[in-house]
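See structure below.
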Amino acid sequence: MAVNQEETILDRVKLDPSWKQPLTDILISDTMTQLRDFLSTQKQEKQVIYPPSPLIFNALNTTPLNDVKVVILGQDPYHGPNQANGMSFSVQRGVPLPPSLKNIYQELYNDLGIPPARHGDLSNWARQGVLLLNSVLTVNAGAPTSHQNKGWEDFTDRVIDVINEKTEHTVFILWGAYAQRKGKRIDSSKHLILKAAHPSPLAANRGGFFGCKVFSKTNQYLTEHGKAPIQWQLDE
């Protein structure tokens, strides 16, 4: 790829500089070119894509690399109107709480006694260093998993690799088998990996999510390694 073409691609990517530099290789890769072509074709076919384009990299832009203390890994964005905001499990204020998020709030209450918030905007967690990363960053309206295996997985693999390489004592919260597959990329000798069932009702009600106590375990680990704990209570 010509240098000018690489620079043009990078200029178009609205991504925090702390992420753009270490992710340059994947951003200019053939995989991402094919992904951009796929997304362009979907738009030409009048598919509605969530989240809106300005929010696709919202998780990375809200939590710069140097601030990352915790990673909560999701699968792909919510596929209902006005839900997806570019952060895993989070929704815009005023949008009804999805079932998975209701269960996350219930576990937060069970673990730390924090009453469930009346909204689903998790930006406050993100601003404290909780990277709310989906494995796949876009989806067609009403069609879950519709953008899987189009290239996003390679991109988010690289994000995990960068965090693994460039940070110390980060907590990775992996809910469900899909997220846990990325666990093999993480060095458990320098980071904490917390695994549990997915918070979706189907998985959570079978056991393995409620009682996982990831919130208290995260703060204990961060404190032990000289980092400020996460204030999990959300503002109203």
Side-chain angles (χ1 to χ4, degrees), residues 19 35 49-52 55-63 68-80 82-92 95-108 117 119-164 170-186 191 193-204 208-210 212 214-215 218 230 232 234:
W19 290 109
L35 173 60
I49 297 175
Y50 296 133
L55 295 180
I56 288 174
F57 293 119
N58 194 24
L60 298 170
N61 289 330
T62 306
T63 311
V68 173
K69 297 193 290 188
V70 182
V71 179
I72 297 181
L73 192 62
Q75 188 163 342
D76 60 351
Y78 295 123
H79 53 87
N82 303 315
Q83 288 184 308
N85 66 3
M87 298 181 190
S88 61
F89 299 105
S90 177
V91 293
Q92 306 286 47
V95 174
L97 298 182
S100 292
L101 188 53
K102 287 182 180 180
N103 284 341
I104 290 170
Y105 284 174
Q106 182 62 50
E107 175 58 20
L108 181 58
H119 65 83
D121 179 9
L122 305 181
S123 299
N124 188 52
W125 293 359
R127 288 190 290 269
Q128 295 180 71
V130 181
L131 180 65
L132 298 163
L133 181 69
N134 279 314
S135 296
V136 175
L137 300 191
T138 55
V139 69
N140 283 351
T145 74
S146 51
H147 290 194
Q148 283 187 13
N149 302 316
K150 304 299 182 184
W152 279 128
E153 291 89 348
D154 290 347
F155 175 78
T156 52
D157 279 352
R158 183 61 188 139
V159 172
I160 295 295
D161 290 345
V162 167
I163 298 168
N164 183 54
T170 297
V171 181
F172 290 84
I173 297 174
L174 308 179
W175 284 324
Y178 189 88
Q180 289 165 19
R181 284 200 289 273
K182 288 203 191 277
K184 66 181 183 296
R185 313 187 75 86
I186 303 163
H191 304 294
I193 302 173
L194 297 175
K195 298 179 180 180
H198 195 276
S200 66
L202 184 63
F209 175 73
F210 294 116
C212 64
V214 296
F215 304 103
T218 292
I230 303 301
W232 295 109
L234 296 164

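- Listed by chain and number, the residues in a side chain to side chain donor-acceptor pair (under 3.5 Å) with S146 amount to none (sequence neighbours excluded).
- For S88 (side chain) and P77 (main-chain N/O), no donor-acceptor pair under 3.5 Å exists by modelled atom type.
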Which donor-acceptor pairs under 3.5 Å do the side chains of residues 68-76 make with protein atoms, sequence neighbours left out?
unit_1, atom_1, unit_2, atom_2, d
K69, NZ, A228, O, 2.7
D76, OD2, T145, N, 2.7

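- The two residues L137 and P51 come nearest to each other via the heavy atoms O-CD, 3.3 Å.
- Relative orientation of the F209 and W175 rings is perpendicular, given thresholds of 30° and 60° on the angle between their planes.
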message: Determine whether W152 and I56 satisfy the following criterion, side-chain contact (heavy atoms from CB on, under 4.5 Å), listing intermediate values before the conclusion.
response: CA-CA 11 Å; W152 279 128; I56 288 174; 3.8 Å; yes
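- The ring of F89 has its center closer than 6.0 angstrom to the ring center of H198.
- In this structure, OG1 on T138 lies 10.5 Å from CD on Q148, to the nearest 0.5 angstrom.
- Counting heavy atoms of neighbouring residues, nucleotides and ligands inside a 6.0 Å radius, atom CG of D154 exceeds 12 of them.
- Distance check: I160 CD1 to S135 OG gives 7.5 Å after rounding to the nearest 0.5 Å.
- The two atoms that bring P199 and N103 nearest to each other are O-ND2, 2.7 Å, heavy atoms only.
- A distance of 8.5 Å separates OG1 in T62 from CG in L132, rounded to the nearest 0.5 Å.
- No donor-acceptor distance shorter than 3.5 angstrom exists from the side chain of H79 to the backbone of V139, with no hydrogens or angles considered.
- Of all non-hydrogen atoms in Y105 and L234, the two that sit nearest each other are OH-CD1, 3.2 Å.
- Within the 4.5 Å cutoff, the side chain of T218 has heavy atoms near those of the W232 side chain.
- What you find for I193 and G183 is that their closest heavy atoms are CD1-O, 4.1 Å.
- To the nearest 0.5 angstrom, R185 atom CZ is 4.0 Å from D161 atom CG.
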message: The test is side-chain contact (heavy atoms from CB on, under 4.5 Å); show your working for L131 and L60 and say whether it passes.
response: CA-CA 7 Å; L131 180 65; L60 298 170; 4.0 Å; yes
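- Nearest heavy-atom pair across Q83 and P98 is NE2-CG, 4.1 Å.
- Shown here for T156 and N134, the closest heavy-atom pair between the two residues is CG2-O, 3.3 Å.
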